[in-house]
Amino acid sequence: MHAFDVLGDPVRRRILELLADGEMSSGAVSEVIREEFGISQPGVSQHLKVLRENGFATVRPEGTRRLYAVNSDPLRDIDAWLARFRHFWTPHLDALATELARGKRERRLRERDRGRDGDSGGDDPVQQRSTP
């Protein structure tokens with residue numbers, strides 16, 4: 001099965017997201033996936049099997065439990081394939097980062113200027129009252 005066929009399924013993508021946070025027992029994975037997707041425990045086991053057989057997940061026994069973890073090797077292969085296309089979105093993301101930084105800088109300067117002027121932004125009802 002091709003890597004994108006494996007990752008094309010939303011259940012398997014979600015399982016990988018869960019495992020990205022650290023090793024999990026098959027029971028814990030099954031509990032989350034059953035709740036979110038409404039599929040049976042055997043269905044979740046099939047998805048775990050596909051991930052394991054295609055190299056995206058590893059499993060190790062610990063007593064009676066089976067602990068699953070992400071195997072990053074196939075993900076590196078996908079990242080390498082995506083590298084050919086990264087130039088399509090990288091400049092846009094860089095421009096977005098620049099605009100976000102500019103906005104943060106402008107907010108900091110406005111807040112600093114307000115503090116220097118003693119302006120509290122007009123939200124203080126005591127300052128808004130006129131004296132008789």
Side-chain angles (χ1 to χ4, degrees):
M1 188 176 279
H2 189 275
F4 287 109
D5 294 326
V6 174
L7 296 178
D9 187 282
V11 173
R12 290 192 286 267
R13 285 195 310 270
R14 180 64 177 127
I15 290 171
L16 284 176
E17 288 172 0
L18 293 170
L19 297 177
D21 292 333
E23 204 173 47
M24 289 181 74
S25 70
S26 57
V29 170
S30 183
E31 185 178 319
V32 172
I33 297 300
R34 287 173 54 204
E35 183 178 311
E36 291 182 9
F37 291 90
I39 62 176
S40 67
Q41 185 277 325
V44 176
S45 292
Q46 282 298 103
H47 285 291
L48 285 167
K49 180 180 177 183
V50 169
L51 290 170
R52 189 179 66 248
E53 287 179 349
N54 287 281
F56 285 87
T58 61
V59 64
R60 71 177 179 86
E62 184 179 84
T64 59
R65 300 182 332 151
R66 299 290 173 256
L67 298 174
Y68 283 82
V70 170
N71 178 10
S72 62
D73 292 340
L75 297 173
R76 278 193 280 271
D77 293 342
I78 290 170
D79 186 55
W81 185 85
L82 285 170
R84 298 174 55 198
F85 304 97
R86 205 161 269 124
H87 70 275
F88 289 115
W89 63 79
T90 300
H92 301 293
L93 293 175
D94 290 344
L96 176 61
T98 299
E99 288 303 314
L100 290 172
R102 182 176 292 139
K104 286 179 185 177
R105 181 178 177 271
E106 289 172 0
R107 276 193 302 280
R108 273 195 318 269
L109 291 173
R110 279 195 306 270
E111 289 170 7
R112 187 191 70 197
D113 290 346
R114 277 190 201 137
R116 212 181 295 151
D117 296 341
D119 179 15
S120 65
D123 293 335
D124 187 352
V126 173
Q127 287 185 354
Q128 290 178 0
R129 265 190 251 141
S130 60
T131 52

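The structure presented is a predicted model; accordingly, all values stated were derived computationally and were not measured.
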*Asks:* Identify, with sequence neighbours excluded, every residue that meets side chain to side chain donor-acceptor pair (under 3.5 Å) alongside Ser25.
*Replies:* none
*Asks:* Set out, in order, the CA-CA distance, both residues' side-chain angles and the distance that settles side chain to side chain contact (heavy atoms under 4.5 Å, CB included) for His47 and Asp9, then state yes or no.
*Replies:* CA-CA 9 Å; His47 285 291; Asp9 187 282; 3.4 Å; yes
*Asks:* At their closest point, which heavy atom of Pro74 faces which heavy atom of Gly55, and how far apart are they?
*Replies:* CG-O, 3.1 Å
*Asks:* Assess whether salt bridge (charged side-chain N to carboxylate O under 4.0 Å, His left out) is satisfied between Arg60 and Glu62, documenting all intermediate values.
*Replies:* CA-CA 7 Å; Arg60 71 177 179 86; Glu62 184 179 84; 3.6 Å; yes
*Asks:* Sequence neighbours excluded, which residues qualify as side chain to side chain donor-acceptor pair (under 3.5 Å) partners of Asp73?
*Replies:* Arg76
*Asks:* Answer yes or no: is there an ion pair linking Arg108 with Asp113, defined by an N-O contact shorter than 4.0 Å?
*Replies:* no
*Asks:* Between Asn54 and Phe56, is there a donor-acceptor pair closer than 3.5 Å when you use the side chain of the first and the backbone of the second?
*Replies:*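 No.
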*Asks:* Say you draw a straight line from CD of Gln46 to OG of Ser40; how long is it, rounded to the nearest 0.5 Å?
*Replies:*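 If we round to the nearest 0.5 Å, Gln46:CD and Ser40:OG are 9.0 Å apart.
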*Asks:* When rounded to the nearest 0.5 angstrom, what distance separates CE in Met24 from CZ in Arg65?
*Replies:* 10.5 Å
*Asks:* Mind telling me whether Trp81 and Phe85 have parallel, tilted or perpendicular rings, with 30° and 60° as the class edges?
*Replies:*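 Answer is tilted, since the angle falls between 30° and 60°.
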*Asks:* Shortest non-hydrogen contact from Arg66 to Val59?
*Replies:*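 Looks like CB-CG2, 3.7 Å.
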*Asks:* What is the minimum heavy-atom distance between Tyr68 and Leu19, and which atoms define it?
*Replies:*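 Here Tyr68 and Leu19 meet closest at O-CD2, 3.5 Å.
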*Asks:* So, does Asp79 use its side chain to make a donor-acceptor pair with the main chain of Leu75 at under 3.5 Å?
*Replies:*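 Flag not set: sc Asp79 to bb Leu75 has no pair under 3.5 Å.
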*Asks:* What pairs meet the side chain to side chain donor-acceptor pair (under 3.5 Å) rule with one or both residues in residues 27-38, with sequence neighbours excluded?
*Replies:*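 Applying side chain to side chain donor-acceptor pair (under 3.5 Å) to every pair that reaches into residues 27-38, excluding sequence neighbours, yields Arg14-Glu36.
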*Asks:* Are Ile15 and Leu67 grouped together when hydrophobic residues (ILVMFWY) are joined by side-chain heavy atoms under 4.5 angstrom apart?
*Replies:*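 No, it is not one cluster - the side chains of Ile15 and Leu67 are not joined through contacts under 4.5 Å.
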*Asks:* Would you indicate whether the side-chain heavy atoms of Leu18 and Ile33 approach each other to under 4.5 Å?
*Replies:*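 In contact.
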*Asks:* Within the side chain of Arg13, is there an N or O that forms a donor-acceptor pair under 3.5 Å with the backbone of Leu7?
*Replies:*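 Answer holds: yes.
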*Asks:* In terms of hydrophobic clustering (I, L, V, M, F, W, Y; side-chain heavy atoms under 4.5 Å; direct or indirect links), are Phe88 and Leu93 co-clustered?
*Replies:*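 Both belong to a single hydrophobic cluster.
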*Asks:* Contact between Arg52 and Thr58 at the side-chain level, heavy atoms closer than 4.5 Å - yes or no?
*Replies:* no
*Asks:* Quick one: does Asn71's side chain get under 4.5 Å of Leu51's, heavy atoms only?
*Replies:* no
